S.K.: 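Quick one: structure below, then a few questions.
This structure is a prediction, so every number in the text was calculated from the model and none was measured.
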Amino acid sequence: MLQILQLLLSGIAQGCIYGLIALGFVLIYKATETVSFAQGELMMLGAFCAFAAMSLVGLPFWGAALLAIAAMAAFGVLLELVVIRPILGQPQFSIVMLTIGIGYVARGLITMIPAIGTDTHSLPVPYKDEIWKLGALVVNVEQAVIVGATAVLCGLLYAMFRYSKLGIAMQAASQNQLAAYYMGIPVKRLNGLVWGLAAAVAAIAGMLLGPITFVHANMGFIGLKAFPAAVVGGFGSLPGAIVGGLVIGIVESFAGFYLPDGFKDTAPYIVVLVMLMVRPNGLFGEKLRKKV
Amino acid sequence: MTTAPGLATLSAAPGAQAQARPTSGGPAAVNADVLLSARELSVRFGGVLAVNKVSFEVRRGEVFTLIGPNGAGKTTVFNLISRIYTPTTGEILWHGGGDAPTALTAHAPHEIAALGIARTFQNIELFEHATVLHNLLIGRHTHRCTGFWREVFFTPGTRRAEIEAREKVERVIELLDLQHHRDAMVAGLPYGVRKVVELARALCTEPKLLLLDEPSSGLNVEETADMAFWIQDIQQELGISVLMVEHDMSLVSKVSDRVLAMNMGEALASGTPREVQSDARVVEAYLGAVDDLSSLRRRPHE
Amino acid sequence: QSQGVTKDEIRIGTIQDLSGPLAGYGKQARNGMQLRVDELNEQGDVNGRKLKLFVEDSGYDPKKAVLAAQKLVNQDKIFIMAGHLGTAQNMAAMPVQFEKNVVNFFPITAAREMYEPLHRLKYSFAATYYDQIRLALPKMIKDKGAKKVCTIYQDDEFGLEVERGAEAGLKTVGMELTEKTSYKRGATDFSSQVAKMKAANCDLVVLGTIIRETIGTVGEARKTGFNPVFLGSSAAYTDLIHKLGGKAMDGIYATHTAQHPYLDEASQPLRFWANKYKTKFNEDPTVFSVYGYSIIDAFIKAAQKAGPNLTTDSFVKAMDTMTFEPDMFGAPKSTYTATKRLGNDQSRLSQIVDGKWKVVSDYVAP
Amino acid sequence: MRFIFKTSYAQDIALARHGGHVFWYGLLGAALIAAPWVLPEYWLAQLTFVLIYGIVGLGLMLLAGFTGQFSIGHAAFLGTGAYTQAVLANAGVPFPLALGAAAALSAAVGVVVGLPALRVKGIYLGIATLAFGFIVEEVFARWERVTGGNSGLHVNSPQLFGLDIGSSENFYVVCLLIAVLCTFAILNLLRSPTGRAFVAIRDSEISAQSMGIHLARYKTMSFAISAALAGLGGALYAHKLSFIAPDQFNIVQSIDLLLMVVIGGLGSVHGAFLGAIFLIAMPQLISLGKDWLPPAIGQAPGLQGLVYGLVLIGFVLFEPLGLYGRWLKVRTYLQLFPFYRRGLFRRQKAFTKSDRLR
Amino acid sequence: MNDGDTVLQLLNVESAYGPIKAIRGVSLKVRQGEIATVLGANGAGKTTILKTISGIIDPRKGSIEFEGRNITAQDPAQIVQQGLCHVPEGREVFPLLSVRDNLLMGAYTRSDRDGVARDIETVYGYFPILRERAAQHAGLLSGGQQQMLAISRAIMAAPRLILLDEPSLGISPKLTREIFEIVVRINRERGTTILLVEQNANMALNAADYGYVLENGRIVMEDSCERLREKEDIKEFYLGLKDEGVRGERRWKKKKTWR
Ligand SMILES: Nc1ncnc2c1ncn2[C@@H]1O[C@H](COP(=O)(O)OP(=O)(O)OP(=O)(O)O)[C@@H](O)[C@H]1O
Ligand SMILES: Nc1ncnc2c1ncn2[C@@H]1O[C@H](COP(=O)(O)OP(=O)(O)OP(=O)(O)O)[C@@H](O)[C@H]1O
Ligand SMILES: CC(C)C[C@H](N)C(=O)O
Ligand SMILES: [Mg+2]
Ligand SMILES: [Mg+2]
């Protein structure tokens with residue numbers, strides 16, 4: 001029983017990480033209808049930012065965190081300005097390709113930093129290696145922090161898209177750019193904002209993840225497991241991203257324990273396939289159909 | 001005004017209950033003239049009852065028009081016939097294939113074209129990144145006679161079939177005057193031409209029944225007149241029955257043999273164009289009373 | 001005349017992981033090799049020939065290793081492949097080399113496949129993972145009174161070698177593995193593997209892991225309050241473990257041959273060497289720099305011996321009578337013959353104490 | 001600009017539009033046939049890889065460029081072909097038979113992978129194929145008895161009628177032959193009803209359906225053909241590389257394949273091969289360029305990825321139609337030469353609409 | 001009406017899609033408070049003119065002035081923010097937003113909450129079906145309902161100039177009439193200037209004050225609508241009033257029978 005609880009707990013924590021990254025995907029998807037393959041890399045950059053601020057500059061954790069978030073947000077805006085904006089309006093697929101390219105570049109650049117890029121680093125967060133004991137249950141503070149941050153972030157983003165004019169305008173721009181222009185929605189500016197926001201979210205994810213998987217150039221690949229999370233939840237639904245992440249995390253944790261080796265790595269993908277068979281639009285996705 | 005010979009007699013009656021014929025032995029006994037009959041069709045989307053117990057029949061060789069205010073459920077009826085939606089209740093029978101009528105719900109959406117029903121869309125659904133010619137050739141899909149491997153090796157038979165398809169398509173192009181646009185990408189065509197291309201594509205399937213959703217919307221008077229001629233050609237020379245949704249009453253009264261007016265998903269009135277147009281309820285819900293537009297004008301003192 | 005040898009040049013190829021999970025190792029090994037190459041070129045030559053080193057990156061990916069090997073062999077026309085890092089990568093690349101009669105010289109991995117089955121062009125220098133664990137494990141079990149032994153290993157030829165060594169070692173004391181669990185090359189999350197071993201109540205875990213996996217596994221175990229004895233192979237014997245993993249890594253054991261050059265306690269020549277390394281690459285040398293350096297050093301010695309007419313045949317002939325004496329890095333003596341292609345089979349045991357590897361046993365031979 | 005008078009419908013159907021086509025493609029063919037005698041071994045090997053990737057690219061082009069179904073798991077088919085070929089070749093099955101089996105098995109897997117395509121689209125389909133890719137990769141890794149697991153598998157040299165055709169030159173000719181045949185097959189398919197049905201599905205499923213196109217059948221078919229070509233390519237790849245391991249068929253490979261067709265130019269058969277040339281030549285060019293750079297940059301391991309990413313970004317930014325699009329412009333420029341107007345290819349403002357409703 | 005100051009002025013504007021020139025040297029003027037209309041056959045370039053004005057297409061040549069400011073080739077969003085709103089051809093609603101959110105987006109450039117709330121009520125008054133469907137996805141409305149929504153969005157924006165592209169597309173006869181009444185009312189009551197493109201020339205010529213006739217991308221005729229209504233050509237080709245004239249019931253082009 002305790003075993004199951006412990007597995008559940010670690011599944012939830014891992015799931016929150018997936019959810020957090022998926023949140024970034026969904027954010028970009030909802031606001032621009034593109035799928036960003038660079039989200040994992042942005043996260044990696046965010047983690048490196050925080051790492052640099054703490055280890056190289058020597059800032060305290062909170063200072064470094066804020067700095068990293070701000071720096072990444074600025075970077076996101078800049079990225080949009082330089083590479084995304086020129087082809088805004090081209091088929092979404094082009095932008096997806098761009099994000100793949102951005103991913104390569106980010107990984108390449110980081111790897112090229114002498115003596116730092118190729119190595120693995122640990123992020124010295126203040127709560128590192130701390131654990132809470134609830135009876136026999138061990139709760140990792142690192143993981144608890146992830147769960148908390150994820151919940152808060154999800155709530156904020158949800159409120160933005162649901163109630164704020166800006167959030168609705170972002171969705172409008174993604175659904176019909178032309179009409180958005182006709183309505184005077186500053187599509188380009190919003191797009192920049194979205195990328196800034198997504199990069200900030202990625203930075204947060206990176207810092208939360210840093211203590212657990214370490215900071216290294218390839219840490220962004222974990223994003224590949226966040227895709228299934230986003231799909232299981234229904235791409236385009238923020239709460240869905242979190243729930244999807246949890247489902248994937250928990251399934252993974254149990255599969256790793258009870259099933260033979262190899263199932264753990266494939267479990268998320270099996271789950272997503274089953275989900276697509278049963279509910280092609282995910283748990284929270286709406287069934288959309290073109291009216292002719 | 002042209003009317004197909006032999007079809008001038010119209011049994012006008014709102015709804016099918018009133019239309020009930022002395023049937024003796026099931027659907028097969030229905031008037032041999034009937035091509036498609038819908039009975040008690042209803043469909044519900046969540047809280048919206050888009051079509052509510054609508055019955056009608058389309059006869060061979062006629063132009064049958066659906067009119068009604070926006071949101072009356074006309075397009076939904078089309079979508080039910082082309083199996084994009086499945087009716088909540090009611091059935092649609094197709095009498096076009098051999099002797100026994102079949103229920104359309106027994107067919108998959110892609111089989112409808114092969115039965116001989118082709119349609120156009122209200123919002124134009126063309127293959128945007130292909131040329132007009134290509135679009136029309138796709139329209140001939142139901143007539144393909146080559147298999148996969150024959151196409152891979154492009155056997156002489158395939159070549160022949162291709163040339164034949166091309167000849168057929170070329171006739172449609174000529175009928176609808178599309179020669180100019182033959183090799184143009186659809187994406188760059190003006191709205192009006194696209195409407196015609198869509199009609200042409202539907203014709204390429206060589207249908208028995210053609211569903212036209214607002215064929216004249218976006219066309220000016222002159223072009224609408226052309227459209228009227230085409231519809232008449234299609235009806236009279238090609239012998240294709242037409243089921244049409246249209247808001248332009250001049251076109252409606254020019255080409256249609258019978259009209260069914262709908263409102264809020266229900267059948268409101270049916271009969272000849274003239275009868276329906278003079279129906280008080282239709283005028284009230286759809287046509288509007290005043291015909292004088294001068295009230296729109298700016299009065300001199302303003 | 002063999003390819004890669006001209007009147008005044010010998011072309012040496014090497015494939016390292018410069019961008020993948022073992023980038024830490026690859027870079028150090030390359031630097032070590034480069035240092036010895038430069039040294040030679042500055043101070044002299046091998047029978048009138050200078051050395052030229054061709055480095056390719058495999059990213060610890062066998063496919064890239066094959067492509068790199070094809071490039072080195074067919075395009076750069078190397079004479080010899082030296083110090084290629086990684087078991088799976090070597091296994092993949094060797095056929096390409098052998099087709100063109102290029103020797104696979106001292107790959108940086110201790111898998112048995114590096115000299116078995118016997119092949120004219122294979123030379124290996126490191127006591128195998130198999131032997132390392134097979135010998136160290138029974139001793140550990142005895143010392144620690146372990147009852148249940150588990151293993152976590154990388155799911156490829158490297159991990160399997162460790163796992164097989166563990167099984168063989170257990171057999172000698174009449175035990176069996178309680179739990180086996182594996183992970184994929186490049187994995188970063190080991191929570192379920194650790195949970196499995198914890199649930200099995202293991203008190204000794206054999207680590208078929210390398211850098212991040214070692215840290216990840218041990219770290220995860222410590223976090224969940226699971227504290228068995230950890231025993232790794234020479235693949236995990238690196239200063240990166242305690243540098244990255246911090247305090248949590250204290251106490252783990254690993255087998256190895258050469259020693260990490262901690263400068264504060266090193267001998268004078270070693271310090272001199274380390275200084276040279278540091279001036280050149282601006283970082284402290286590690287045990288993998290040592291590997292790289294020694295490999296080129298050994299090559300130079302054998303090539304000297306092969307004489308001015310350097311061909312693959314003459315090189316093989318020279319190698320087959322070579323003996324390398326213990327050097328300043330603490331490696332034992334190693335010898336080669338036409339049928340003995342593993343130079344040395346002795347290994348020893350170290351433990352991390354206060355953030356440093358401390359040797360805890362002497363060399364043992366099988 | 002060349003103006004062609006058409007005098008018969010057959011002219012529209014013909015593969016070569018005019019004499020110039022015949023001439024230039026003839027020249028290309030001659031050059032390719034002469035290659036084994038002119039090119040050094042290493043470059044011939046690269047050319048062989050181009051052909052192999054070109055075959056795979058053809059398949060993916062059919063799927064992504066013509067049917068509009070994006071697959072982010074195409075490496076799975078490549079792998080299926082490669083492993084089938086490896087296992088059969090190692091068991092001594094003659095080369096052509098093994099090749100057929102590889103293509104057939106991949107096609108079968110393609111049908112299975114195509115199943116979700118009937119229900120889901122866009123990003124959902126992408127993830128579904130991605131998921132399949134991961135699972136297939138895991139199968140390669142776990143089915144150790146057959147595949148040798150993560151340690152990989154060595155592939156024997158291909159045998160034809162007891163002859164070893166594994167030498168660089170022979171194998172090149174084999175690949176060339178297969179590539180040419182595949183290209184013709186695809187071209188034929190594209191100019192007949194099946195190919196048109198694919199395009200119809202790409203542009204509008206709803207109206208394709210109302211034109212009588214059986215969406216499920218054609219999507220499945222597209223997946224199957226695409227997978228078969230990938231399998232074929234995989235089989236050749238296995239021989240050419242002579243060593244295969246599961247992680248050669250991972251997501252990165254899949255993305256590379258996708259990049260290949262996009263950079264080549266989605267929706268053109270030329271694009272498949274141009275993309276393949278790019279994919280193979282790029283790392284070569286980078287490593288050639290390395291020596292010119294200061295060592296701190298040139299020797300840095302991330303350089304490859306960086307340049308690759310930059311080139312990709314550059315392509316999307318400046319040439320969204322891919323290499324083939326660029327080629328068309330160059331050609332038009334040459335044809336129009338003195339009369340070329342600068343604004344001719346200026347990109348218009350464009351606006352996206354939701355892809356979710358299709 | 002000809003005395004009011006000019007709100008919108010196009011000077012010799014030329015726009016093209018790639019190599020295809022869609023309008024060639026169009027000059028027109030819309031004066032404060034008037035309704036101007038552009039008539040023209042299919043493909044004449046009417047839509048292109050409107051798109052060029054609102055910045056969706058950059059003109060190759062010529063200049064566009066709105067309220068005295070040059071807006072040539074500016075960013076569309078920026079143009080709109082200056083007080084101009086475009087009801088596009090083919091509805092272009094936000095399919096996955098609710099009807100209400102669509103309306104709110106119409107009012108994106110406005111910051112007076114009360115005014116927006118009031119206008120929503122006004123619009124619901126014009127088109128009660130929109131109130132009924134306020135929470136439904138706009139993409140699921142029928143064609144005509146979407147058209148109503150598109151027009152309503154422009155009303156929500158409360159601009160000084162509205163560009164209307166075929167507002168009667170797919171609208172029932174009764175509603176067409178109502179929509180024109182609404183257009184006229186907005187023009188009269190709020191003083192909104194309107195540039196109207198419409199296939200229903202009869203409606204357009206009655207509602208508008210000044211008209212332009214466009215053929216093949218060139219303006220071939222312009223005059224007050226009063227006078228245009230009386231022109232024979234207009235009657236014949238745009239109003240279809242010519243009974244038994246050149247065309248009459250017979251088609252002017254003899255079709256050869258086929259099949
Ligand atoms: N898929 C759907 N989901 C929800 N409601 C729908 C759907 N399709 C149609 N409706 C609703 O059903 C009603 C009828 O729509 P339909 O498109 O049939 O109208 P129509 O008669 O064609 O109108 P118009 O003349 O404006 O095109 C409308 O109120 C519409 O909102
Ligand atoms: N996206 C495009 N690409 C290429 N050419 C185009 C494009 N859009 C329009 N055109 C061309 O520009 C010309 C003018 O088109 P426009 O849409 O302005 O006509 P219109 O007068 O609005 O016609 P309609 O009454 O059919 O709406 C047409 O000849 C058309 O072929
Ligand atoms: C150098 C070693 C860490 C390489 C590792 N033993 C492997 O075979 O992959
Ligand atoms: Mg409709
Ligand atoms: Mg228009």
S.K.: Let me confirm one number: the CD-CG distance from Q248(D) to L67(C), rounded to the nearest 0.5 Å.
M.R.: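 Rounded to the nearest 0.5 Å, the CD-CG separation comes to 8.0 Å.
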S.K.: How close do Q70(C) and F49(D) get, counting heavy atoms only, and between which atoms?
M.R.: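 In this case the closest contact between Q70(C) and F49(D) is OE1-CE1, 3.9 Å.
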S.K.: Is the backbone N or O of M91(C) less than 3.5 Å from a side-chain atom of H154(D), with the two atoms forming a donor-acceptor pair by type?
M.R.: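 Yes, H154(D) side chain to M91(C) backbone: donor-acceptor pair under 3.5 Å.
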S.K.: So, for W43(D) and Q75(C), which heavy atoms are closest and what is the spacing to 0.1 Å?
M.R.: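 Nearest pair, atom of W43(D) first, then Q75(C): NE1-OE1, 3.6 Å.
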S.K.: Report yes if the side chains of Q46(D) and N74(C) come closer than 4.5 Å at any heavy-atom pair, otherwise no.
M.R.: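 Contact flag for Q46(D)/N74(C) side chains = no.
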S.K.: Decide yes or no for L241(D) and K63(C): does some side-chain heavy atom of the first lie under 4.5 Å from some side-chain heavy atom of the second?
M.R.: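 Heavy-atom side-chain distance check passes, below 4.5 Å.
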S.K.: Chain D heavy atoms under 4.5 Å from K184(C): which part of the residue, side chain, backbone, both or neither?
M.R.: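 Answer is side chain: those atoms of K184(C) sit under 4.5 Å from chain D.
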S.K.: Contact part of F249(D) toward chain C, heavy-atom cut-off under 4.5 Å: side chain, backbone, both or neither?
M.R.: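 Contact with chain C involves no heavy atom of F249(D) at all.
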S.K.: Looking at A88(C), P62(C), A93(C), which has the largest count of heavy-atom pairs under 4.5 Å with chain D?
M.R.: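 Ranked by heavy-atom pairs under 4.5 Å with chain D, first place is P62(C).
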S.K.: Can we say K100(C) and E41(D) salt-bridge, meaning some charged N sits less than 4.0 Å from an Asp/Glu carboxylate O?
M.R.: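 Here K100(C) pairs with E41(D) in a salt bridge, since their nearest N and O are under 4.0 Å apart.
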S.K.: Is it the case that more than 12 heavy atoms not belonging to N282(C) sit under 6.0 Å from its CG atom?
M.R.: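 Counting neighbours around CG of N282(C), 12 or fewer heavy atoms of other residues, nucleotides or ligands fall under 6.0 Å, so no.
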S.K.: Does a side-chain heavy-atom distance below 4.5 Å link M94(C) with F243(D)?
M.R.: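 SC-SC contact between M94(C) and F243(D) ruled out.
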S.K.: Could you check whether any side-chain heavy atom of Q304(D) comes within less than 4.5 Å of a side-chain heavy atom of D57(C), counting everything from C-beta outward?
M.R.: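 The answer is no; the side chains never approach within 4.5 Å.
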S.K.: Please round to the nearest 0.5 Å and tell me the distance separating atom CG of L160(C) and atom CD of E144(D).
M.R.: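 That separation rounds to 7.0 Å.
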